[in-house]
Amino acid sequence: MSVAGSQRSVTAGSTAADLFGQDRTTLVARVNGQLRDLAHELADGDLVEPVGADSDEGLAVLRHSAAHVLAQAVQQINPKARLGIGPPIQDGFYYDFDVETPFTPEDLKALEKAMQRIINEGQTFRRRVVTEDAARLELADEPYKCELIGLKSGASQDVSSVEGAFAEVGAGELTIYDNLRRDGERVWGDLCRGPHVPTTKVLGNAYKLMRTAAAYWRGSEKNPQLQRVYGTAWPTKDELKAYLERLAEAEKRDHRKLGAELDLFSFPEEIGSGLAVFHPRGGVIRKEMEDYSRRRHEEEGYEFVYSPHITKGKLFQTSGHLDWYAESMYPPMHLDEELDVDGAVTKQGQDYYLKPMNCPFHCLIFRARGRSYRELPLRLFEFGSVYRYEKSGVVHGLTRVRGMTQDDAHIYVTAQQLQSELKALLTFVINLLKDYGLDDFYLELSTRNEEKYVGTDENWAKATEALGQAAADSGLDLVDDPGGAAFYGPKISVQARDAIGRTWQMSTIQVDFNLPERFELEYQSDDGSRQRPIMIHRALFGSVERFFAVLTEHYAGAFPPWLAPVQVIGIPVADEYNDYLFDIADRLKASRIRVEVDTSDDRFPKKIRTAQKSKVPFMLIAGEDDRSAGAVSFRYRDGSQKNGVPIAKAVAEIVEAVESRRQV
RNA sequence: GCCGGAGUGGCUUAAUGGCAAAGCAACCGCCUUGUAAGCGGUAGAUUGCGGGUUCGAUUCCCGCCUCCGGCUCCA
């Protein structure tokens with residue numbers, strides 16, 4: 001057989017553990033491409049490789065085994081708990097349980113202790129093939145497991161459609177994994193496809209239970225809610241520690257926290273859930289973001305339009321929004337109705353809606369007069385405020401709000417122009433995002449859902465091809481999202497990774513065959529015929545609020561100078577140098593730099609501390625040494641300093657940093 | 001919308017079935033010459049809102065609002 005690339009002979013009946021068992025970092029084996037337990041018996045001609053926790057697959061096995069240990073601990077403490085599913089996930093695992101009372105934080109502590117006991121026992125995981133009938137008998141007390149067995153015996157796609165369920169029953173034989181103590185006593189078992197780590201010892205103490213939550217059984221809100229316990233598990237304690245530090249870092253960057261600390265925005269309860277106000281400091285950032293975006297759109301041939309926040313319901317009937325999205329629209333205001341004394345309607349009223357999207361308005365602008373092919377591509381841009389009645393549990397900081405402003409544009413093109421427009425658009429999008437300091441992207445191409453779509457096969461094929469081509473030309477990684485498109489056309493979305501490696505869906509570019517149809521949009525072609533344009537929906541930030549949140553977290557509140565609310569703070573060594581700094585500030589202001597001088601009666605080190613905490617990019621410090629030399633001293637955000645810089649040079653350095661939109 | 005947790009001056013946190021405490025921030029005064037907190041004072045709270053139990057509720061109970069963590073959803 002072939003072992004880790006080289007040919008070897010082993011005695012009949014050897015297991016993978018015989019080959020790799022001495023290497024404790026090997027958790028499972030890949031045998032002929034399939035992950036197997038180390039106890040798996042090898043056959044002649046097998047291709048065998050070791051798999052450790054340094055691979056994604058090995059890590060997933062480790063975490064799945066941790067989920068089993070958790071489940072054993074839960075049933076040890078509460079034998080009445082019924083098992084749901086327990087798959088590995090990004091950075092950890094979870095297990096769902098049907099229990100009478102939800103878990104408390106104290107329960108988690110107790111569970112961690114019980115898990116540690118199980119781990120210390122060094123239980124082995126033993127795979128056991130069972131027939132469906134035997135499994136049903138053995139798991140008679142586990143209704144959810146039985147349901148999974150039923151799913152497996154039915155259409156196999158049902159199993160994979162239940163997130164995580166595949167890990168339980170898989171596609172091949174039905175198996176149960178038993179946990180055995182060292183003396184061979186079976187202490188616990190669970191329906192599971194496997195594979196598992198050889199013993200619980202492997203988990204060491206590099207795991208932690210993180211939180212509890214409810215989750216619908218099989219992911220449907222029609223099903224009962226189970227109690228989910230989330231945990232994390234790592235190959236080593238150091239990696240666990242590093243993970244917890246990453247979480248702490250993410251918490252420090254949380255835009256909701258920074259928004260309050262840096263006085264950027266707030267969500268006054270009086271206004272309503274998911275409705276933000278931007279304070280002056282946040283307002284500056286937002287204005288800079290928007291101003292720069294406007295400038296770039298202007299340069300790219302966009303025209304600026306404006307539309308109202310409310311409209312008669314008819315518009316959203318025409319567009320179809322009321323058919324599909326009424327549930328997440330604010331309910332209508334019924335206006336203009338008049339009644340006589342008996343309450344009978346004498347004048348028919350009208351329903352007005354807050355707008356959830358801008359596109360219908362832009363279509364009306366297109367339709368306001370006859371259009372010529374010479375006008376296409378017609379690019380209509382608007383910072384359009386939209387309102388969506390998001391369900392109460394989903395509102396989240398600035399990233400999921402009920403009122404937001406989209407940097408929304410609709411581009412009307414001929415079929416011939418679609419390809420080149422999409423390509424130019426994608427370049428524009430990526431470059432703009434880069435200007436804001438994001439530089440690590442990949443693309444996702446969402447294609448037609450065969451169950452639900454409008455438009456001709458030909459149009460879909462062309463648009464999908466055009467988007468795919470534009471994506472390929474960008475040179476970025478492309479992930480397919482088959483069936484993920486909206487019913488009206490295919491879509492590309494740009495995913496950006498931030499400074500700590502999290503990905504955010506940013507821009508979307510969607511081709512739409514539907515709205516031009518519904519609004520009966522037409523242009524006159526060069527041959528005199530009337531043609532229907534194709535429409536492209538695109539937003540670069542998505543929503544300004546959300547993009548603001550992403551940038552805040554990306555920069556951890558330390559915005560690059562061009563976005564920073566206060567770009568320069570002058571700090572005198574003593575009051576005597578206030579005026580000297582005011583003169584320098586005036587010179588900076590002449591170059592449109594946002595500068596303040598700290599004239600408070602705090603003492604010098606306190607002023608440094610205050611400025612440092614406010615994350616101002618440049619502190620300009622002046623004392624006698626500086627004044628007598630006609631100079632000033634820099635202190636940067638990283639704590640480094642540059643002393644005795646001539647004023648003109650200092651101003652030039654700051655202006656250059658702002659104009660180049662550089663981070664410092 | 002569902003499950004769980006939480007709401008105490010602007011912020012962070014303490015406490016208690018019997019006068020609600022501290023730090024930071026704010027304001028006032030004194031002080032203040034070199035890179036992350038000088039000193040003193042003043043003001044600021046109907047403990048999210050409404051109801052109930054109680055001699056007495058910030059504390060216990062119920063409803064609502066808001067936030068947090070998930071689930072479902074996200075045009």
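We name chains A, B, ... by the order of the sequence lines, and we start the count at 1 in each one.
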Once hydrogens and angles are ignored, does a donor-acceptor distance under 3.5 Å link the base of [N] to the side chain of [X]?
{"X": "Ser328(A)", "N": "A75(B)", "answer": "yes"}
{"X": "Arg211(A)", "N": "C68(B)", "answer": "no"}
{"X": "Glu624(A)", "N": "U33(B)", "answer": "no"}
{"X": "Tyr389(A)", "N": "G1(B)", "answer": "no"}
{"X": "Lys607(A)", "N": "U35(B)", "answer": "no"}

key: Helical stems, RNA chain B - three or more consecutive Watson-Crick or G-U wobble pairs below 3.5 Å   = B:1-7 with B:65-71, B:10-13 with B:21-24, B:26-30 with B:38-42, B:48-52 with B:60-64
Classify the ring geometry between [X] and [Y] as parallel (under 30°), tilted (30 to 60°) or perpendicular (over 60°).
{"X": "Phe316(A)", "Y": "His321(A)", "value": "perpendicular"}
{"X": "Phe381(A)", "Y": "Phe383(A)", "value": "perpendicular"}
{"X": "Trp324(A)", "Y": "Phe487(A)", "value": "tilted"}
{"X": "Tyr636(A)", "Y": "Phe618(A)", "value": "perpendicular"}

key: Residues within residues 263-282 of chain A bordering RNA chain B, heavy-atom distance below 4.0 Å   = Glu269(A), Ser273(A), Gly274(A)
Pick base, sugar-phosphate or nothing for [X], based on heavy-atom distances below 4.0 Å to the nucleic acid.
{"X": "Gln510(A)", "value": "sugar-phosphate"}
{"X": "His537(A)", "value": "nothing"}
{"X": "Arg635(A)", "value": "base"}
{"X": "Tyr577(A)", "value": "base"}
{"X": "Ser633(A)", "value": "base"}
{"X": "Pro356(A)", "value": "base"}

What's the [atom1]-[atom2] distance between [X] and [N], to the nearest Å?
{"X": "Met210(A)", "N": "C68(B)", "atom1": "CE", "atom2": "C1'", "result": "15 Å"}
{"X": "Gln505(A)", "N": "A75(B)", "atom1": "CD", "atom2": "P", "result": "8 Å"}
{"X": "Asp575(A)", "N": "U32(B)", "atom1": "CG", "atom2": "P", "result": "10 Å"}
{"X": "Gln641(A)", "N": "A36(B)", "atom1": "CD", "atom2": "C1'", "result": "13 Å"}
{"X": "Glu390(A)", "N": "U72(B)", "atom1": "CD", "atom2": "P", "result": "16 Å"}
{"X": "Ile608(A)", "N": "A36(B)", "atom1": "CD1", "atom2": "P", "result": "7 Å"}
{"X": "Tyr636(A)", "N": "U35(B)", "atom1": "OH", "atom2": "C1'", "result": "14 Å"}
{"X": "Glu251(A)", "N": "U12(B)", "atom1": "CD", "atom2": "C1'", "result": "14 Å"}

inquiry  = How about OH on Tyr330(A), more than 12 heavy atoms from neighbouring residues, nucleotides or ligands closer than 6.0 Å, or not?
reply    = yes
Does the distance from a Lys or Arg side-chain N to an Asp or Glu carboxylate O, for [X] and [Y], drop under 4.0 Å?
{"X": "Glu112(A)", "Y": "Lys109(A)", "result": "no"}
{"X": "Arg82(A)", "Y": "Glu142(A)", "result": "yes"}
{"X": "Arg497(A)", "Y": "Glu553(A)", "result": "no"}
{"X": "Lys613(A)", "Y": "Glu261(A)", "result": "no"}

message = Is the phosphate of C67(B) approached by His396(A) (side-chain N or O, under 4.0 Å from OP1 or OP2)?
response = no
inquiry  = With a 4.0 Å cutoff (strictly under), does any side-chain N or O of Arg256(A) reach OP1 or OP2 of G69(B)?
reply    = yes
remark   = Checking Gln406(A), His362(A), Gln510(A), His410(A) against His537(A) for side chain to side chain donor-acceptor pair (under 3.5 Å), the one that qualifies is His410(A)
Set out, line by line, the N/O atom pairs under 3.5 Å between protein and nucleotides 3-5 of chain B.
from  : atom 1 : to        : atom 2 : distance (Å)
C3(B) : O4'    : Gln225(A) : OE1    : 2.4
C3(B) : O2'    : Gln227(A) : NE2    : 3.1

task = Considering only atom P, compute the distance from C28(B) to C68(B) and round it to an integer number of Å.
result = 36 Å
query = When the P atoms of A6(B) and C60(B) are considered, how many whole Å apart are they?
reply = 10 Å
message = Assuming nearest nucleotide by heavy-atom distance, tell me which of Phe604(A) and Arg402(A) is located more 5' along RNA chain B.
response = Arg402(A)
remark   = RNA chain B nearest-nucleotide lookup for Arg400(A) and Lys642(A): closer to the 5′ end is Lys642(A)
request  = Would you mind telling me which of U33(B), G1(B), C71(B) lies closest to the side-chain atoms of Glu221(A)?
outcome  = G1(B)
task = Could you work out which one of U33(B), A75(B), C2(B) sits closest to the side chain of Tyr216(A)?
result = C2(B)
Listing, residues 274-285 of chain A side-chain donor-acceptor contacts under 3.5 Å, not counting sequence neighbours, or none:
from      : atom 1 : to        : atom 2 : distance (Å)
His279(A) : ND1    : Asp263(A) : OD1    : 2.7
His279(A) : NE2    : Ser266(A) : N      : 3.4
His279(A) : NE2    : Ser266(A) : OG     : 2.7
Arg281(A) : NH2    : Glu596(A) : OE2    : 3.4

note = When every non-hydrogen atom of Tyr580(A) is compared with those of Ala631(A), the smallest separation belongs to OH-O, 2.6 Å
inquiry  = Could you check whether Thr447(A) and Lys491(A), counting side-chain N and O atoms only, form a donor-acceptor pair closer than 3.5 Å?
reply    = no
inquiry  = Is it true that Tyr230(A) and Arg228(A) share a donor-acceptor pair across their side chains at a distance under 3.5 Å?
reply    = yes
Give me the distances for all protein-to-nucleotides 38-43 of chain B N/O pairs that come in under 3.5 Å?
from   : atom 1 : to        : atom 2 : distance (Å)
G38(B) : N9     : Arg603(A) : NH1    : 3.1
G38(B) : N3     : Arg603(A) : NH1    : 2.9

task = Please identify each residue that fulfils ring-ring contact (aromatic ring centres under 6.0 Å, His included) with Phe97(A), with sequence neighbours left out.
result = Tyr95(A), Phe103(A)
query = Do Arg402(A) and Tyr389(A) meet the cation-pi criteria used here (NZ or CZ under 6.0 Å from the six-membered ring centre, within 45° of the axis)?
reply = yes
